[in-house]
Q: 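Please read through the structure below; I'll follow up with questions.
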Amino acid sequence: MAYWLFKSEPNTWSWDDQVAKGAAGEQWDGVRNYLARNNMKAMKLGDFGLFCHSVNEKRIVGVVEVCSEAHPDTTTDDPRWECIDVRAVAPFPRPVSLAEIKAEPRLSELALVRQSRLSVVPVTEAEWRVICEMGGYQG
DNA sequence: GCCAACGTTGGC
DNA sequence: GCCAACGTTGGC
């Protein structure tokens, strides 16, 4: 079991859009970065992820689950780019902002903080627990 | 295969 | 809203 963090611009793909897809989920497409893609290729069915809004609204808003492992990204003909599918699990009772994450010493090593431009990053189990606790989410 | 140029992203 | 940094692309 591994944990991840997915970042998306709410204008392009928001938590509400994700929820609207229901249990079927939707592919996490459009990633054109090797590191982010490699992270996705490492994902297994049933892995959990944090859904994070970027840009103006920088905060973690909910939990998603990987419901399909890596497959070609249908938004491009380029075979290098693959993606996975995720489905919404539950919203955070209390969204966790990026500022709160940066203020939390236990999250100082979070990949998101260290590589802020990467849209798909790994989260350790310890970090996962801290973030869920901050968001009032009972995993 | 290297390197310059461009586009995108995030910080301030 | 500007600017710096990063990563990807394309030309040589």
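Within every chain, numbering begins at 1; the chains are lettered A, B, ... in the order of the sequence lines, protein sequences first and strands thereafter.
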Q: Which atom pairs, donor and acceptor, lie under 3.5 Å between side-chain atoms of residues 83-90 of chain A and protein residues at least two apart or in another chain?
A:
| residue | atom | partner | partner atom | Å |
| --- | --- | --- | --- | --- |
| A:Asp85 | OD1 | A:His71 | NE2 | 2.7 |
| A:Arg87 | NE | A:Glu65 | OE1 | 3.4 |
| A:Arg87 | NH1 | A:Ala23 | O | 3.4 |
| A:Arg87 | NH2 | A:Glu65 | OE1 | 3.4 |

Q: Tell me whether A:Leu107 is reachable from A:Leu5 by hopping between hydrophobic residues (I, L, V, M, F, W, Y) whose side-chain heavy atoms are closer than 4.5 Å.
A: yes
Q: Can you list everything that forms a ring-ring contact (aromatic ring centres under 6.0 Å, His included) with A:Tyr3? Sequence neighbours excluded, please.
A: A:Trp128
Q: With a 4.0 Å limit, can you tell me whether A:Lys102 has a side-chain N or O closer than that to the phosphate oxygens OP1/OP2 of B:dG11?
A: yes
Q: Could you tell me if the ring centre of A:Trp4 sits under 6.0 Å from that of A:Phe48?
A: no
Q: Less than 4.5 Å apart, any side-chain heavy atom of A:Arg94 and any of A:Tyr137?
A: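 Side-chain contact under 4.5 Å: no.
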Q: Listed by chain and number, what are the side-chain contact (heavy atoms from CB on, under 4.5 Å) partners of A:Leu35, not counting sequence neighbours?
A: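 Only A:Asn33, A:Gln115, A:Leu118 meet the side-chain contact (heavy atoms from CB on, under 4.5 Å) criterion with A:Leu35.
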Q: Check the distance between C:dC6's P and A:Tyr34's OH and give it to me in whole angstrom.
A: 19 Å
Q: Could you give the NZ-to-P distance, from A:Lys7 to B:dT8, as a whole number of Å?
A: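 One finds 16 Å between P of B:dT8 and NZ of A:Lys7, rounded.
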Q: Any residue in residues 50-62 of chain A with a heavy atom nearer than 4.0 angstrom to DNA chain C? Just list them by number, or reply none.
A: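 Going residue by residue through residues 50-62 of chain A, none turns out to have a heavy atom under 4.0 Å of DNA chain C.
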Q: Check each residue of residues 111-119 of chain A for a non-hydrogen atom within less than 4.0 Å of any atom in DNA chain B, then write out the ones that pass by number, or none.
A: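 The stretch gives A:Ser116, A:Arg117 as the residues lying under 4.0 Å from the strand, ordered by number.
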Q: Nearest-Å distance, CG (A:Leu98) to P (B:dG11)?
A: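 Rounded to the whole Å, the gap is 7 Å.
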Q: Please state how far atom CG in A:Leu35 lies from atom P in B:dT9, giving the value in whole angstrom units.
A: 16 Å
Q: For A:Asp78 and C:dT9, what is the distance between atoms CG and P respectively, to the nearest whole Å?
A: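 A:Asp78 atom CG is separated from C:dT9 atom P by 7 Å.
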Q: Using whole Å, report how far CZ of A:Arg32 lies from C1' of C:dT8.
A: 12 Å
Q: Please check this pair: side chain of A:Asn39 against backbone of A:Val120, looking for a donor-acceptor N/O pair closer than 3.5 Å.
A: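 Present.
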Q: What residues, two or more places apart in sequence or in another chain, satisfy side-chain hydrogen bond (donor to acceptor under 3.5 Å, both in side chains) together with A:Ser14?
A: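 Here the qualifying residues are A:Asp17.
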Q: Do A:Trp15 and A:Phe6 have ring centres separated by under 6.0 Å?
A: no
Q: Nearest whole angstrom, please: distance from the C1' of B:dT9 to the CD of A:Glu9.
A: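 Computing the A:Glu9:CD to B:dT9:C1' distance gives 8 Å.
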